[in-house]
Amino acid sequence: MSAVSDRLPAFPWDKLTPFKATAAAHPDGIVDLSVGTPVDPVPELIQKALVGAADSPGYPTVWGTPELRDAITGWVERRLGARDVTHRHVLPIVGSKELVAWLPTQLGLGPGDRVAYPRLAYPTYEVGARLARAEYEVYDDPTELDPDGLKLLWLNSPSNPTGKVLSKADLTRIVAWAREHGVLLFSDECYLELGWEADPVSVLHPDVNGGSYDGIVSVHSLSKRSNLAGYRAAFLAGDPAVLSPLLEIRKHGGMMTSAPTQAAVVAALSDDDHVRVQRERYASRRALLREALLSHGFRIEHSEASLYLWATRGESCWDTVAHLAERGVLVAPGDFYGSAGAEFVRVALTATDERIAAAVRRL
């Protein structure tokens, strides 16, 4: 066991424990803006679908029901503008973090293989490479990487933590470069439905990929758009030549989404209204927090999409974390996402209206 765990970095969130205690001691209670976990109710139509499928005594399939695959293909075409998407182009997964952490291993990567991801990024990209004992590196522009031995390229647009959105032109250029050099490209698009000052585009859009899914796969999650983080519901869409062997591996590994969750996903992907309602909640909270942070002396960079404000006071991120914790507000230090975030904090929009209002008063 230690041979595997020793490959991993220290779990970063443990370092926040004393600051969380400080924030929790505030007379009006903590406002926790550190983790992007949904706090609003699961939409009723999704709950009903889950309950309606509760009598599911048999094993679910890893590939999901035909109804689930229909819902995914329909959403990918309707929302992302993809064309000619079949069941072969999609694969349900047990939440996106599971996929990110285990993808290099499932792809058969190991020592000597390289995995690349953005300089400021979700820490699990690195964890996945470490679990597979592959090499890993960060980039500012992936087309400047040495393609020799580069087996997996991660994109993340909109970005976690910065909210940066890659333009259609940039995506087109990167996809062409990856194909030219035979590099498999996975695009983490879990925040795609949460664009504020930009309209995020998927690598599945024909303007980006030229109408071909060769060598590209997108990752999508229902955690944020539908408040389903507790359901562990996500999916892949893209190149069947990549998804088919992943399906076989995941069958052997028993990586299956529960039958009630599959039914809930069908309901969630078939309804756009609840997404609009949730977007409006986040837009309101974002506007309030953004103004409060600016008034408090912060500068906000990027943040044109996703569920976070990427903010700085021009000091160590830990000094900022401590400053806000004294006011009962807990945020994530930017260096959790890479050394380039050393003077930034990530401020999540995922708190109730009442808690957001409390944070605004304190700021």
Side-chain angles (χ1 to χ4, degrees), residues 12-41 120-123 158-165 191 194-198 223-225 227 229 277-363:
W13 293 96
D14 292 341
K15 295 170 65 177
L16 266 186
T17 299
F19 300 95
K20 186 173 185 177
T22 298
H26 190 279
D28 186 37
I30 188 173
V31 179
D32 192 343
L33 307 179
S34 63
V35 182
T37 185
V39 297
D40 299 302
L120 282 165
Y122 186 44
S159 162
N160 174 15
T162 69
K164 180 180 179 180
V165 174
Y191 294 91
L194 296 167
W196 310 116
E197 296 158 2
S223 293
K224 308 303 194 297
R225 72 183 293 280
N227 299 334
V277 171
Q278 190 59 43
R279 275 181 52 86
E280 290 173 356
R281 290 188 183 119
Y282 285 137
S284 174
R285 294 165 186 168
R286 178 181 182 274
L288 291 169
L289 273 177
R290 186 177 187 280
E291 181 58 34
L293 288 167
L294 291 173
S295 297
H296 197 73
F298 281 87
R299 185 178 81 253
I300 295 173
E301 291 193 359
H302 298 302
S303 308
E304 58 262 31
S306 84
L307 279 182
Y308 312 105
L309 292 168
W310 187 238
T312 180
R313 300 204 314 161
E315 63 186 5
S316 162
C317 60
W318 288 100
D319 289 343
T320 305
V321 168
H323 172 81
L324 292 176
E326 292 291 342
R327 289 153 180 78
V329 179
L330 188 68
V331 298
D335 66 4
F336 276 11
Y337 308 95
S339 58
E343 291 189 353
F344 286 80
V345 292
R346 192 193 73 169
V347 184
L349 310 179
T350 49
T352 64
D353 291 344
E354 184 274 331
R355 288 289 84 189
I356 294 292
V360 169
R361 286 194 302 272
R362 298 172 196 181
L363 291 170

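Sequential numbering from 1 along the given sequence is applied to the chain's residues.
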Undergrad: With a cut-off of 3.5 Å and sequence neighbours excluded, list every side-chain donor-acceptor pair involving residues 293-300.
TA:
residue	atom	partner	partner atom	Å
Ser295	OG	Glu291	O	2.9
Ser295	OG	Glu291	OE2	3.2
His296	ND1	Leu363	O	2.9
His296	NE2	His323	NE2	2.8
Arg299	NE	Glu301	OE2	3.3
Arg299	NH2	Glu301	OE2	2.8

Undergrad: Could you list the residues that satisfy side chain to side chain contact (heavy atoms under 4.5 Å, CB included) with Glu315, not counting sequence neighbours?
TA: Arg313, Asp319, Thr320

Undergrad: Of all residues at least two apart in sequence or in a different chain, which pass the side chain to side chain contact (heavy atoms under 4.5 Å, CB included) check with Asp335?
TA: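 Applying side chain to side chain contact (heavy atoms under 4.5 Å, CB included) to Asp335 gives Cys317, Trp318, Pro333.
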
Undergrad: Mark yes or no for whether Thr17, through its side chain, and Asp14, through its backbone, hold a donor-acceptor pair below 3.5 Å.
TA: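 Yes, because the side chain of Thr17 sits within donor-acceptor range (under 3.5 Å) of the backbone of Asp14.
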
Undergrad: Which of these passes side chain to side chain contact (heavy atoms under 4.5 Å, CB included) with Ser34: Val31, Thr37, Asp32, Ile30?
TA: Asp32

Undergrad: Does Trp310 reach the main-chain N or O of Pro161 with its side chain, forming a donor-acceptor pair under 3.5 Å?
TA: no

Undergrad: Could you tell me which residues satisfy side chain to side chain contact (heavy atoms under 4.5 Å, CB included) with Ala322, sequence neighbours excluded, listed by chain and number?
TA: Phe19

Undergrad: For residues 353-363, which residue pairs qualify under salt bridge (charged side-chain N to carboxylate O under 4.0 Å, His left out), counting only residues two or more places apart or in two chains?
TA: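 For residues 353-363, and leaving out neighbouring residues, the salt bridge (charged side-chain N to carboxylate O under 4.0 Å, His left out) pairs sorted by first residue read Asp28-Arg355, Asp28-Arg361, Asp28-Arg362, Arg285-Asp353.
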
Undergrad: State which residues pass side chain to side chain contact (heavy atoms under 4.5 Å, CB included) with Thr350; sequence neighbours excluded, sorted by chain then number.
TA: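 With neighbours one apart ignored, the set is Tyr282, Leu307, Ala348.
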
Undergrad: Sub-3.5 Å donor-acceptor pair from the side chain of Asn160 to the main-chain atoms of Tyr122, do we have one?
TA: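 Not confirmed, Asn160 side chain does not pair with Tyr122 backbone.
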
Undergrad: Would you call Trp13 and Lys20 a side-chain contact if the rule is heavy atoms closer than 4.5 Å?
TA: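 No, too far: nothing below the 4.5 Å cut-off.
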
Undergrad: Do Tyr308 and Arg346 have side-chain heavy atoms sitting under 4.5 Å apart?
TA: yes

